[in-house]
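Worksheet for the structure shown next.
Position 1 is the first residue of the sequence; numbering continues from there.
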Amino acid sequence: MEPLHTLELDGSRPLSAATVKSVAALCDRAEDGGEEGIGVAVVHVGGAPDAHWTSGLDVMLVTKWERVLRRFERLPVASVAVAHGDCGGTALDAFLAADLRVAAPDTRFLVPRDAGATWPGMAGYRLVQLAGAARVRAAVLFGRPITATEARSLGIVDTVADDPAAAVADAAALTGGLSGKELAIRRQLLFDATTTSFEDALGAHLAACDRALRQPAATAPAQEAEAS
């Protein structure tokens, strides 16, 4: 089984420098395997902030948070997020940035709101990328909760599981033996597919194919066939 690099995030707590540092530390641990990547980064999330959670926030801290989330999103290892209960704020942000997303049946996803409106952070962007604008309009604009069952049908959640630990083990087994660097390349191709034309995407995909064909494992079957 792949080694797990784990972190717990409480979305009921306001965003802080300590939150940013905790995710950065997880990224450091996950990146210690070098370019090839070793292990799986696992984030357990839960909790949603109250209406006053933005008190004391400034845009510099929010910028640092969004940057560390982007780093987490591009790790040279697979990432798994496990959610339970109400999930909003930093918990929702981290959940949506993971490669594989698991939710307990009691999970509800909430875009935080205050007296004025919902929070305009990148969670809204990621929700739209995953599910489409029309299907998450009420959640992004008005903060309507998304249940685990709804999230599964929208593609926001990959698995709804009574036993999250087993789901994490399954996810780790799924990624076992894969190169972290190659995984990161496939992930970027996936991200780009929604915004890049076929003609522009073709070069990047061909380059990735060429890279794959040059890997030692790709030539091994042919060499074995010649030897026989």
- Are any of the side-chain heavy atoms of V23 and L9 separated by less than 4.5 Å? yes
- Message: Around atom CZ of R70, are there more than 12 heavy atoms from other residues, nucleotides or ligands closer than 6.0 Å?
- Response: yes
- Closest approach of L75 and A30, non-hydrogen atoms and distance? CD1-CB, 4.0 Å
- Message: What I'd like to find out is whether the side chain of S22 reaches to under 4.5 Å of the side chain of L7, using heavy atoms alone.
- Response: yes
- Does any donor atom in the side chain of S16 or T19 lie under 3.5 Å from an acceptor atom in the other side chain? yes
- Message: Would you compute the distance between atom OG1 of T195 and atom CD of Q129 and round it to the nearest 0.5 angstrom?
- Response: 7.5 Å
- What pairs with S79 under side chain to side chain donor-acceptor pair (under 3.5 Å), at least two apart in sequence or on another chain? D99
- Message: Quick check: is M122 connected to W119 through a chain of hydrophobic side chains (ILVMFWY, heavy atoms under 4.5 Å apart)?
- Response: no
- Distance in Å, D50 CG paired with R113 CZ, rounded so as to fall on 0.5 Å steps: 13.5 Å
- Partner residues of R126 under the salt bridge (Lys or Arg N to Asp or Glu O under 4.0 Å) criterion, sequence neighbours left out: E73
- Using the test salt bridge (Lys or Arg N to Asp or Glu O under 4.0 Å), find all partners of R144 that sit at least two apart in sequence or belong to another chain. E150
- Roughly how far, to the nearest 0.5 Å, is NZ of K64 from NZ of K21? 8.5 Å
- Query: Looking at OG1 of T63 and CD of E66, how far apart are the two atoms once the value is rounded to the nearest 0.5 Å?
  - Reply: 8.0 Å
- Query: Side chains of L15 and L61: closer than 4.5 Å at any heavy-atom pair?
  - Reply: yes
- Note on the structure: Residues at least two apart in sequence or cross-chain that pass salt bridge (Lys or Arg N to Asp or Glu O under 4.0 Å) with D106, listed by chain then number, are none
- Item | Contact check, side chains of V111 and L127, non-hydrogen atoms, under 4.5 Å | yes
- Examine L57 and V68 and state if one hydrophobic cluster contains both, with Ile, Leu, Val, Met, Phe, Trp and Tyr joined whenever side-chain heavy atoms are less than 4.5 Å apart. yes
- Closest heavy-atom contact between A104 and V160? C-CG1, 4.3 Å
- Message: Within this structure, what is the OG1-CZ distance for the pair T107 and R101, rounded to the nearest 0.5 Å?
- Response: 13.5 Å
- Is the shortest side-chain N to carboxylate O distance from D28 to R71 below 4.0 Å? yes
- Separation of L110 CG from T118 OG1 (nearest 0.5 Å): 11.5 Å
- Query: Between D58 and M60, which heavy-atom pair has the shortest distance, and what is it?
  - Reply: OD1-N, 3.0 Å
- Task: Go through the structure and list residues passing salt bridge (Lys or Arg N to Asp or Glu O under 4.0 Å) with R13, not counting sequence neighbours.
- Result: D10
- Student check: side-chain heavy atoms of V157 and F109 closer than 4.5 Å: yes
- Nearest atoms (heavy-atom pairs only) where V136 meets I156: CG1-CD1, 4.3 Å
Can you give me every donor-acceptor pair (side chain of residues 83-98, partner residue at least two apart or in another chain, under 3.5 Å) with its distance?
residue	atom	partner	partner atom	Å
D86	OD1	R108	NE	2.9
D86	OD1	R108	NH2	3.4
D86	OD2	R108	NH2	3.2
D93	OD2	W65	NE1	2.9

- Among the clusters formed by ILVMFWY side chains lying less than 4.5 Å apart, do V62 and L69 turn up in the same one? yes
- Task: Heavy atoms only: give me the nearest A103-A148 pair and the separation to one decimal.
- Result: CB-CB, 4.4 Å
